[in-house]
Structures are given as C-alpha cells and as structure tokens.
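The block underneath contains the structure these notes are about, expressed in structure tokens.
Reminder, nothing fancy here: chain letters follow the sequence lines and each chain counts from 1. Keep in mind the model is a prediction, meaning the values are calculated, not measured.
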There are 2 protein chains.
Amino acid sequence: MKPISLKEIANITGASPTTVSLVLNGKGRISEAVRQKILQAVKDNGYEPNRIAISLRTGHSNVLGVIVDDIGGPFFGALAKIIEVEAEKFGFRIIYCSSENNLEKARELISMLSHQLVDGYIIMPVPGLQDEILNLKANHKPVVLIDGYYPELDIPHVLVDNLNSVMQGMSCLIEAGHRKIGFVTVDIDLIQIKERLRGYFESLKKFNLKADDKLVLKLPYQMDKGKAVQAVKDLFGSNRDMDAVFFSTNYLGIIGIESIQELGLSIPKDIAVICFDDLEIFRLLPPGISSIQQPVLEIGRTATDLLLAMLGKKKNHLQTDKITIPANLIIRGSIKAINVPKFVE
Amino acid sequence: MKPISLKEIANITGASPTTVSLVLNGKGRISEAVRQKILQAVKDNGYEPNRIAISLRTGHSNVLGVIVDDIGGPFFGALAKIIEVEAEKFGFRIIYCSSENNLEKARELISMLSHQLVDGYIIMPVPGLQDEILNLKANHKPVVLIDGYYPELDIPHVLVDNLNSVMQGMSCLIEAGHRKIGFVTVDIDLIQIKERLRGYFESLKKFNLKADDKLVLKLPYQMDKGKAVQAVKDLFGSNRDMDAVFFSTNYLGIIGIESIQELGLSIPKDIAVICFDDLEIFRLLPPGISSIQQPVLEIGRTATDLLLAMLGKKKNHLQTDKITIPANLIIRGSIKAINVPKFVE
DNA sequence: GGGGTAAATGAAACCGATATCACTTAAAGA
DNA sequence: TCTTTAAGTGATATCGGTTTCATTTACCCC
C-alpha cells in the first residue's frame, strides 16, 4: 500500500515523468488535453508528491526552523501560532525546538536542522551561539533573531523595546510616589535582560534618585525555585523600607509573588509590584499584578515576514532588519499612588 | 560552500561510497585500517550525512509527528518536553502541530506529515478523525492516541483515568459536606470530556444524591470568553443554593474563577471549587484552587515508549496498549469541611 | 518543397544516501 | 595443488522527484 509515485502517474497517462512534473508545477507549455488527462489521473489516484524527494532534488525543504529557549513556556505559545499562520501562507512548515538556553543543545539543534535542509531560521539567542549564526549566514541560510540579538553581529532581529518599556514602568512606579524600588533579575548574558537592568538605572538617574546596589538582586539562571523564593524573601528582609519591586521576567514575577505571599505582605499596601512580560495569572491574581506586556504576536509576525522576505517569498516593506517594537504597559491594582508628603517632590 | 557529501569522502579516502556508508553505519566487515582512514576524513571535513537523502532511500525519516489540540496550551508544554527526551534517546526528532480540534486541519496535518515520511504518530483525538487514523494503521504507520481515544477503534492510547479522578474529586467535595454541586463542562464529542461528566453523575448516584440538570452547564466549544464568564455567572445566579462547583477543564476553571471574582463570591466560604487539570495559577491564587492534576509526564513518556515499541525500537514491557493512568488529587484551600449538622449524614 | 521556428514532449542525468550483488583476495580445507 | 569459503570492497541500481537538453511534430514562409 505504498503511495503512488509520479512515475506511475506517467505510466497511467502514457506521458513521461517530465511532462507530469511540468504539469504539476505549472511550468512549461503542455497541451490542454495532456494536462487534463494528467490532472485527472492525479486526482483519481490521490497522488501527492513525495516532499522528501523534492527536497533532495531541489535542495530546499519549505521548512523553517524555530529555536526558542523553552517550548513549554508562555512566550512560545502565542509565538508558535502566529509564526505558523504567517509561514503557512507561503507553504512553509515549521520545526520547533527548545534550546533551554543551553549552548551545546543549541549547537546540536542547528546542526540537526541544517542537515534536514531547513530553509531558514528564527532563533532566540543563546549566549555564545554567535559563531554558528555567522556560519549559517555564510552559507546563505537566512536567520532572524527574536527576543534578543548579538550587539556585535549584523544579523536581522525583532524584539520588544526593553529599555524604554522598563523606563515606562519605572516612571509609573516613581510617579505613584515610590522611591525605594527593588529590581529582581537573572544573571544571564542576554542583551534583553541587560537592557532591562539598564532601564532601571536610567530611570533612577532620570528622576534623580540614587541607585542602591542592595536593592538589585541578580539570581543565577535556572536557580532552584525554592532557593529563588528564599533569595527574594531575603531581599525584602534586608530592605525593610523597599516600597516597590520590579521583576524583570514573568518567571521571576511568579517567584516574587510566592515570596510576598509567604512573607504575608500585602500588595500594593506594603509593596507595589510590576513585572516584565505579562501572564494570565497576573490579571487574575488579586489585586492584579501590573506588567509590561510583550507584543508577542507582532514580534512573531514581523520576524516571520522578515525571514520570508529574505527567502525571496515576500516583499519587505520595512526599511531596516533590526526592529524593536514598543510594549504595552498594563497597570493593575499592584500599583497605587501612595501618600506622599507634599514636601517630598 | 555546500556541505560535503559521502561521495566526496569516498574520493578523498580512495574508498567506494559503499564502504564509507558501511563504516558510518557500523555494518559489514571493513578492515580497521580503512575504517580509521574514513573516520578520520569524516572528522576532518566535518561530514554529516544528508538526512533527506537517507529518508528517501530508506523510506523512513526518524521523525515522529505529534498532533495536539493546542500547541500553545499548558498541557502541551510539559508533554512536548518529555516526548522529545524519550524520542531523542532513540534518535528520533519530533514535528509538533496544532489541530485546534478542527477536523479539516487535523486531516491536512496527517496528510502533510505522511508526505514528509513521518515514521509514527502521537495524536490527540479530534472528533471525526477515525477514518484517517484507520488509514494510517492500514499503511502500517504506528499511531498512539493521547488524552483520549475512539471507543469504537482498536488503537493504542494513553490517558488519565478521567472517570475515577472525577469521582475522587467529587467524593472529596461530598465528604466535606457539599450537597449542591455544580458541574461546568464543554460540549464537545470527546471521550475524555464525556467520562468526566459521567464521573460526576456516578458520584452523585454513589452517594445517593439526586442529580439536577440545572446544576450542569455545558458550554459550546471555543465559546467567546466573555460570554462563557456570563454563562457561568448565570449558573450561579439561578442556583443560589449551589455550594460547590466542579470545572471539567483548566480553561473552564479560569473562566469560573473570573465569574466568581466578578460576582464577589468568596472561595471557599460561599462556594467550594475544584478543577480538572492543574495549573500553576491554581496554586498561587488564594486560597488555592483544588485540582485534579494530570500525570502529563507519565502520559507523554508512556505514549512515546509505546510508539517506539511499535516501531521496533524498544521492547514493550506493558501487557496492553490501552492505558489509563491515575491522576493526583490536589486539595487546596478552595475546599473546606463545612458545618454539617450531625443529623445530616 | 526545403528550411526555420516554436510548441510539445521525452530521455537521461542528478540530488545523496543505501542495498544488492558481484568481484577480488587470502586463508582454510581436501 | 585445487577448491571452498569468507572477508573486504566496489559497481551499480534505486528511492521519487526536477532539470537539462534533445527530439519530434506542426506550422509558417519564401
């Protein structure tokens, strides 16, 4: 019960494989009579071309590779859907992979994908992956980075405007009267994370508040959750006058909320909270956790369009291939104007 | 800068393509000298075989197709990871796809995957897909269903024990003293959903409580969220004496919580809540939403192992290929023993 | 009618691997 | 010494398409 091949269609119709191929691809000039006969035979026999054979011969697979840090994560869900929708319009399929922010794993994935003859890549940067990316570029394999980029490399990328989003959020806290603002982030060499921290310091400077390193907590990447919760609790413990806290990722936000719950603190009375990257839970959790919502759909769509343009499938309407997209600041109950004595400006 | 081919390795070493192939696959008997020379050339030139060519020739791709309802959903995240881990041990790659519980889409996906020469399938059943599944079976393509199955078909499947899990949860509510228990579910022709509803009625029968259809709400599949929230609010409105509610999916649980929040009801004082399928949010949301946690990892691992066994890659230690796995009942603050007068048994 | 041209089609090479089968040695057995 | 036999290797077909190039046919024009 093997599927029928093009050659068999040729035999059935009395045409040559060449002719059948030409008809199927709408190329060449084939008489209407022959065309119809072939098309009919194709239909009657439920013939569909073998993609593998096509890939082997043509050297391209109509498959895009997408490498994200965590295929189970909340960022990925929305992303996958929009990438798929955009790519499908041009007949592209997607292979998704998780790098888990692990360099070795990411390397293997790229190697694996390239031997599957993947036509293009959407990659979430992993520290140290620069050489592999350059290698892809050298081999004329189009790559678009999302969610981050390598400052030293000239590779197209699409990501949220981390710096300004954080500054917006910080403004909001400061204008609500908060002065002792903590910042919890993760210690990983990713530009997007560094930019968020920079946004924190820039905001303090902008409002003439002095930075205090004791208010900044950098947790090791992939730290055990229990330990992370404890570390955040310690941050609160050693900074009793801290009146607001900024979490630089949604994962950290969850950890932070657990810490706050365990300490029995009340949001926003004891502490105001804002978190980078929204989650459904932030909306549902009383009093609502304010957040900076990433425009995931737009990032995904833009990245895919960019990639398709590089593949020559689509015209590129954008002037640049290094794109930052503004985020949405979502203010919920976790930030409330506090009583600020008038003399404190 | 095309990647180097096996033939070129043959030229470099002066061996024939056959010999190189045999060495690479550890087949045949090749003298150690030749073997080493070939291996060295492979290493020096960074040769890696072209998977596409291998697939074409051998007829299998070492790729598994996984079709779930929603690739962005919470069930999928954990599932994907474990499937990947298990499959990788045997050199299999995965292609993930979303059916969105849409029959037409699911059909296309199967067609697409089969033309990519996918070796085996893990599929979350979609109503009406029976013929396509049977067709795969007829073509000797192994299929394992997860999270549900088709009662009329003899196809291997792995899923949680829906009936008994619900009955456990119900027992817990009833033993806590609840008598007027609502059940919110979705109107879709999936065995797992029907079994949950059956579990509800069976429990009532078991405890000699009379069933009341007014306490059961079946929402249309993929109903607009706002409307769904309203429908649940209406359920509460027209059943003032309802003292507990069971949500048959985590998605419905979220909707239910929003309804309860909007109505200003207090959990568990006004209403006890339990939900099928755990979410992180249920743990964090005060007072903690009780839930029935699916053993996702075990389902994923079992399904993959079953599939690999069918592919002859692994011995099957299980006696059957129709497997149900017990769930974990997680009791949180959303259920509390209420004051039951002694004379009510 | 011969020559030129374009339309319509086919033969065969090719993509990069594997599989079959044949061939060459060298060692073992008669 | 002459087979036998097995080890070691290579030539070639093959998977299912696409692509290049050649060929046939029909038509047109001088």
Side-chain angles (χ1 to χ4, degrees), chain A residues 1-39 41-42 45-63 91 111-112 114-119 139, chain B residues 1-39 41-42 45-63 91 111-112 114-119 139:
Chain A
M1 257 299 272
K2 268 183 27 174
I4 191 168
S5 75
L6 178 143
K7 205 171 286 181
E8 299 179 77
I9 295 290
N11 283 338
I12 291 171
T13 57
S16 76
T18 309
T19 307
V20 176
S21 173
L22 291 174
V23 167
L24 288 171
N25 294 292
K27 295 182 182 175
R29 325 175 124 282
I30 305 297
S31 71
E32 194 53 26
V34 175
R35 230 178 69 81
Q36 286 307 331
K37 188 155 74 173
I38 290 176
L39 255 25
V42 163
N45 296 280
Y47 166 77
E48 295 219 27
N50 180 320
R51 307 283 195 122
I52 299 286
I54 296 178
S55 290
L56 180 59
R57 178 66 239 236
T58 63
H60 53 78
S61 56
N62 275 25
V63 171
S111 160
M112 186 277 291
S114 70
H115 295 295
Q116 304 265 24
L117 297 190
V118 157
D119 293 340
N139 290 330
Chain B
M1 259 297 276
K2 267 182 32 173
I4 191 168
S5 76
L6 178 142
K7 203 171 288 179
E8 300 179 75
I9 295 289
N11 283 338
I12 291 170
T13 56
S16 76
T18 307
T19 307
V20 177
S21 173
L22 290 175
V23 167
L24 288 170
N25 293 294
K27 295 183 181 174
R29 325 174 127 282
I30 306 295
S31 69
E32 194 54 23
V34 175
R35 230 178 69 82
Q36 285 308 329
K37 188 154 75 171
I38 289 175
L39 255 26
V42 163
N45 297 279
Y47 167 78
E48 294 219 27
N50 180 320
R51 307 278 195 129
I52 300 288
I54 297 178
S55 291
L56 179 59
R57 179 65 240 240
T58 64
H60 53 80
S61 57
N62 274 27
V63 171
S111 159
M112 188 275 293
S114 70
H115 294 295
Q116 304 266 25
L117 298 189
V118 157
D119 293 341
N139 288 330

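Listed here is the closest heavy atom pair of B:Val20 and B:Ala10: CG2-CA, 3.7 Å. In terms of heavy-atom proximity, A:Ser111 sits nearest to B:Glu48 at OG-OE2, 3.3 Å. Listed here is the closest heavy atom pair of A:Tyr47 and A:Ile9: CB-CD1, 3.8 Å. What you find for A:Leu117 and A:Ser55 is that their closest heavy atoms are CD1-O, 4.0 Å. Of all the heavy atoms in B:Pro3 and B:Glu8, the pair that sits closest is O-OE2, 4.3 Å.
When heavy atoms are screened at a 4.0 angstrom cut-off, B:Ile54 is found touching the sugar-phosphate backbone but no base atom.
Two residues are said to be in side-chain contact when any heavy atoms from C-beta on lie closer than 4.5 Å; A:Ile54 and A:Asn62 fail this criterion. Using a 4.5 Å heavy-atom cutoff, the side chains of B:Leu22 and B:Thr18 are in contact. The shortest side-chain heavy-atom distance between A:Val63 and B:Gln116 falls under the 4.5 Å cut-off. Counting heavy atoms from C-beta on, the side chains of B:Ser5 and B:Asn50 never come closer than 4.5 Å. You'll find the side chain of B:Ile4 reaches within 4.5 Å of the side chain of B:Ile12, heavy atoms only.
A heavy atom lying under 4.0 Å from DNA chain D marks the following residues of residues 14-21 of chain B, by number: B:Gly14, B:Ala15, B:Ser16, B:Thr18, B:Thr19.
Projected onto DNA chain D by closest heavy-atom contact, B:Ile30 and B:Arg57 fall at different nucleotides, the more 5' of which corresponds to B:Ile30. Both A:Thr58 and B:Ala53 lie close to DNA chain D; mapped to their nearest nucleotides by heavy-atom distance, the more 5′-ward contact belongs to B:Ala53.
With hydrogens and angles disregarded, no donor-acceptor distance shorter than 3.5 Å links the side chain of A:Thr13 to the backbone of A:Lys37.
Once you apply a 4.0 Å limit to the heavy atoms of chain A, the touched nucleotides of DNA chain D run 5' to 3' over D:dG16 to D:dT20. Extent of DNA chain C lying under 4.0 Å from chain A heavy atoms, first and last nucleotide in 5' to 3' order, is C:dA7 to C:dG16.
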Under 3.5 Å, which donor-acceptor pairs do the side chains of residues 27-34 of chain A form with other protein atoms, sequence neighbours left out?
residue: A:Ser31; atom: OG; partner: A:Val34; partner atom: N; Å: 3.4
residue: A:Glu32; atom: OE1; partner: A:Arg35; partner atom: NE; Å: 3.2
residue: A:Glu32; atom: OE2; partner: A:Gln36; partner atom: NE2; Å: 2.8

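In terms of the side-chain hydrogen bond (donor to acceptor under 3.5 Å, both in side chains) criterion, residue partners of B:Ser16 (sequence neighbours excluded) are, by chain and number, B:Thr19.
The rotation axes computed at either terminus of the helix from C:dG1-D:dC30 to C:dA30-D:dT1 lie 60° apart, taking five pairs at each end and rounding to 10 degrees.
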